[in-house]
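Take a look at the structure below.
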Amino acid sequence: MSKTFWHRWGQLIAATLAVLAVVSGIAFTTTARNAAQASSGRIVISFWHSMNGPNGQLLDKIVDNFNQSQTKYKVVSQYEGSYGLAESKYINTLHTNVTPTIMQQSDIPTMTAVGDYVPIQQFADADHYDLNQFYPGILSGFKLKGKLQSMPFNASSSVMYYNKDLFKKYGVKPLSKSPSYSEIRAAAKALTEKSKGAVKGATLQIYPWLPEQLAANQNAVVVNKDNGRTAVATSAELNTPAMQRTFAWVQNMIKDGSFQNYGTGSSASANQMAGFLAGKIGIFMQSSAAAGTIAKGAKFKWGETFTAHADGVPANGVAAGGASLWISKDKSKAEQQGAWEFIKYAMEAKQQAAWQIGTGYIAVNKASVKTAALQAAIKKNPDINVPIEQLQAGKVNAATAGPFLVNSQMDQYLGTAMQQIYGGKDIKQSLQEAQNEVNKGIRDTNKNNAAILKSVFTK
């Protein structure tokens with residue numbers, strides 16, 4: 001959610017005008033999709049995604065296997081760049097033959113506000129499809145008023161990564177499965193001091209999703225109305241005891257000299273990963289999907305733990321991240337049914353197990369962990385099961401559903417607050433200023449887009 005809803009909605013209005021102009025000059029009835037359907041006799045299902053490299057290759061394999069498993073449908077997958085680029089193209093081609101039948105996207109609020117989809121709940125209910133086969137802690141992030149809007153596919157959660165070899169080299173006790181803030185701080189300080197500064201013990205990227213997860217692990221929401229899941233959120237909840245505890249922890253590590261600040265922007269994540277792989281960072285927090293990159297690049301033994309929890313506060317669990325699959329509303333019933341059949345195939349235990357092994361994303365199907373392939377992978381490296389164990393241990397509630405907010409200024413202002421706090425500014429003041437700015441944006445959005453927001457909760 002890197003762009004504001006205002007910008008997204010402006011794109012949508014511009015796109016509508018652009019589409020009218022294009023339709024007047026081009027006959028959309030002659031499309032590659034129709035030609036392919038005529039030649040193969042199959043109903044062609046277009047699928048836009050944002051998986052490239054090895055992940056994209058594995059996704060294409062799942063598509064190919066589905067196409068070979070039956071003769072009625074043919075799914076045609078197409079890489080459309082990053083989530084942001086794919087979403088922009090999607091918005092700019094709405095209601096044309098260009099838009100896909102299946103869309104992979106991580107920006108849930110914008111997709112629901114645009115509204116060009118059929119909720120997955122409708123297909124599941126009509127098909128008597130058992131959604132209980134999936135982890136409820138993952139499904140909750142893709143629900144509004146209890147109804148599943150899209151199917152989580154490449155799911156992830158926040159975890160802590162640490163360099164086991166560095167811990168052993170400097171005689172630091174390995175992290176527990178569910179470490180506290182004080183445990184992380186003590187380990188970071190010991191690594192820094194015993195290495196004489198050659199290693200910085202820990203880092204927490206200036207990336208608002210991370211403190212949101214740390215708040216969720218304290219059973220704290222970041223917007224009202226049950227994190228915006230039961231009704232349109234009307235105010236942010238950033239200057240809370242949960243956020244204050246989190247940033248006091250960070251500031252204490254900064255004071256200890258054991259914290260590395262990689263700054264903000266597009267290079268921060270890459271520099272953080274490079275620092276960890278180079279043995280310059282002992283502990284960092286990131287998506288569980290980063291495990292694939294670490295496994296390929298690390299020349300040392302490394303481990304995963306649950307997301308850290310504040311001292312004296314029981315671990316509540318974290319929200320699922322990643323992206324989901326959406327079925328377009330303005331496609332034929334036959335295409336929509338084909339999309340649903342593919343989604344069911346992709347969510348089978350066997351496919352999900354292969355997806356987790358090959359990518360590091362979480363197998364959403366609970367039965368996947370019982371497959372021979374995933375059991376063998378876990379036996380070889382038990383740490384890859386940490387995200388699943390964290391899900392199983394976590395609570396399913398408003399906090400772990402994550403915030404639903406059709407206003408991405410949250411990222412902007414919480415990110416600014418993080419920069420200020422890392423620079424030594426007062427925690428409460430920084431969070432209150434961020435909260436005030438986000439609340440202004442929420443009020444403006446709710447006032448100017450009341451009808452759109454109301455429709456989001458009536459699907």
Side-chain angles (χ1 to χ4, degrees), residues 47 49-51 55-56 58-59 61-63 65-66 75 77 83 102-108 111 117 119-121 123-125 127 129-144 146-159 213 216 287-292 304 306-307 317-327 339-375 377-378 384-397 400-402:
F47 174 24
H49 65 83
S50 295
M51 299 283 98
N55 290 359
L58 182 53
L59 181 56
K61 185 177 180 180
I62 293 174
V63 169
N65 289 343
F66 171 75
V75 175
S77 60
Y83 292 129
I102 306 173
M103 179 70 178
Q104 180 200 35
Q105 187 51 237
S106 63
D107 190 346
I108 303 170
M111 290 294 289
Y117 71 97
I120 288 293
Q121 190 73 51
F123 293 96
D125 290 347
D127 207 13
Y129 183 71
D130 184 15
L131 292 173
N132 291 321
Q133 64 187 299
F134 307 122
Y135 292 109
I138 293 179
L139 292 183
S140 65
F142 300 86
K143 288 182 176 181
L144 287 177
K147 296 181 180 180
L148 190 64
Q149 304 300 301
S150 56
M151 182 63 81
F153 176 65
N154 50 308
S156 60
S157 67
S158 60
V159 294
Q213 301 311 302
S287 165
S288 57
E304 287 182 52
F306 292 5
T307 299
V318 295
S324 57
L325 304 180
W326 305 73
I327 297 179
W340 172 236
E341 295 301 327
F342 169 72
I343 288 174
K344 288 192 296 183
Y345 178 86
M347 301 308 296
E348 291 176 359
K350 181 181 178 181
Q351 273 64 250
Q352 284 291 296
W355 183 244
Q356 176 168 342
I357 294 167
T359 66
Y361 285 108
I362 299 170
V364 180
N365 193 315
K366 292 185 288 189
S368 295
V369 76
K370 299 177 182 178
T371 64
L374 190 50
Q375 283 187 340
I378 291 171
I384 70 171
N385 200 40
V386 165
I388 293 176
E389 292 176 326
Q390 181 174 232
L391 276 172
Q392 293 171 327
K395 306 283 196 305
V396 180
N397 52 32
T400 57

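Predicted, not measured: the structure shown is a model, and the values here were computed from it.
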_Verdict with reasoning, Val159 to Phe306, per side-chain contact (heavy atoms from CB on, under 4.5 Å)_ = CA-CA 5 Å; Val159 294; Phe306 292 5; over 6 Å; no

I'd like to know if the side chain of Gln356 and the backbone of Ile384 have a donor-acceptor N/O pair within less than 3.5 Å. yes

The side-chain hydrogen bond (donor to acceptor under 3.5 Å, both in side chains) partners of Ser158 (sequence neighbours excluded) come to Thr307

So CD1 of Ile108 and CZ of Phe142: to nearest 0.5 Å the spacing works out to 4.5 Å

When rounded to the nearest 0.5 Å, the distance separating CD of Gln392 from NZ of Lys366 is 9.0 Å

Value for OG (Ser157) from CD (Gln390), rounded to nearest 0.5 Å, stands at 4.5 Å

Contacts of Ser50 meeting side-chain hydrogen bond (donor to acceptor under 3.5 Å, both in side chains) (sequence neighbours excluded), chain-then-number -> none

Give a yes or no answer on whether the side chain of Asn397 reaches the backbone of Thr400 with a donor-acceptor pair at less than 3.5 Å.
yes

By side-chain hydrogen bond (donor to acceptor under 3.5 Å, both in side chains), Ser287 pairs with (sequence neighbours left out) Ser156

task: In sequence, state the C-alpha distance, the side-chain angles, and the governing distance for Met103 and Met111, and then conclude on side-chain contact (heavy atoms from CB on, under 4.5 Å).
output: CA-CA 10 Å; Met103 179 70 178; Met111 290 294 289; 3.9 Å; yes

Residues pairing under salt bridge (charged side-chain N to carboxylate O under 4.0 Å, His left out) where one sits in residues 387-396, two or more places apart or in two chains, turn out to be Lys177-Glu389

Do any side-chain atoms of residues 347-354 form donor-acceptor pairs under 3.5 angstrom with protein atoms, and if so which ones, sequence neighbours left out?
residue, atom, partner, partner atom, Å
Glu348, OE1, Gln351, NE2, 2.9
Gln351, NE2, Tyr345, O, 3.1
Gln352, OE1, Val364, N, 2.9
Gln352, NE2, Ala346, O, 3.1

With sequence neighbours left out, the residues meeting side chain to side chain contact (heavy atoms under 4.5 Å, CB included) with Asn132 are Asp130

The ring-ring contact (aromatic ring centres under 6.0 Å, His included) partners of Phe342 (sequence neighbours excluded) come to Phe47, Phe66

Sorted by chain and residue number, the salt bridge (Lys or Arg N to Asp or Glu O under 4.0 Å) partners of Glu341 (sequence neighbours excluded) come out as Lys344

Rounded to the nearest 0.5 Å, the CH2 atom of Trp340 sits from the CG atom of Leu325 at a distance of 10.5 Å

Taken to the nearest 0.5 Å, the spacing of Ile362 CD1 from Leu391 CG works out to 4.5 Å

Trace of the side-chain contact (heavy atoms from CB on, under 4.5 Å) decision for Leu139 with Val396:
CA-CA 10 Å; Leu139 292 183; Val396 180; over 6 Å; no

Taken in chain and number order and not counting sequence neighbours, the residues that satisfy side chain to side chain contact (heavy atoms under 4.5 Å, CB included) with Ala319 are Gln213

query: Do Pro387 and Glu304 have side-chain heavy atoms sitting under 4.5 Å apart?
result: yes

Between Ile357 and Ala377 the two heavy atoms that sit nearest each other are CG1-CB, 4.0 Å

To the nearest 0.5 Å, atom CG of Leu374 lies from atom CG of Asn385 at 7.0 Å

Those residues at least two apart in sequence (or on a different chain) that pass side chain to side chain contact (heavy atoms under 4.5 Å, CB included) with Ala323 are Tyr83, Gln104, Ser106, Asn154

Residue set satisfying ring-ring contact (aromatic ring centres under 6.0 Å, His included) with Phe134, at least two apart, ordered chain then number -> none

When Phe123, Phe153, Tyr117 are each screened for ring-ring contact (aromatic ring centres under 6.0 Å, His included) with Trp326, the one that passes is Tyr117

Margin query: Is any side-chain heavy atom of Ser324 closer than 4.5 Å to one of Met151?
Written below: no

query = When you measure from the side chain of Asn365 to the backbone N and O of Ala367, does any donor-acceptor pair fall under 3.5 Å?
reply = yes

*Indicate yes or no: at least one non-hydrogen side-chain atom of Pro119 is less than 4.5 angstrom from one of Leu148.*
no

Applying ring-ring contact (aromatic ring centres under 6.0 Å, His included) to Tyr135 and not counting sequence neighbours gives none

Does Gln375 reach the side chain of Thr371, with side-chain heavy atoms less than 4.5 Å apart?
no

Let's go through Met51 and Thr359 carefully: what are the C-alpha distance in whole Å and the side-chain angles of both, what is the deciding distance for side-chain contact (heavy atoms from CB on, under 4.5 Å) to 0.1 Å, and is it a yes or a no? CA-CA 10 Å; Met51 299 283 98; Thr359 66; over 6 Å; no

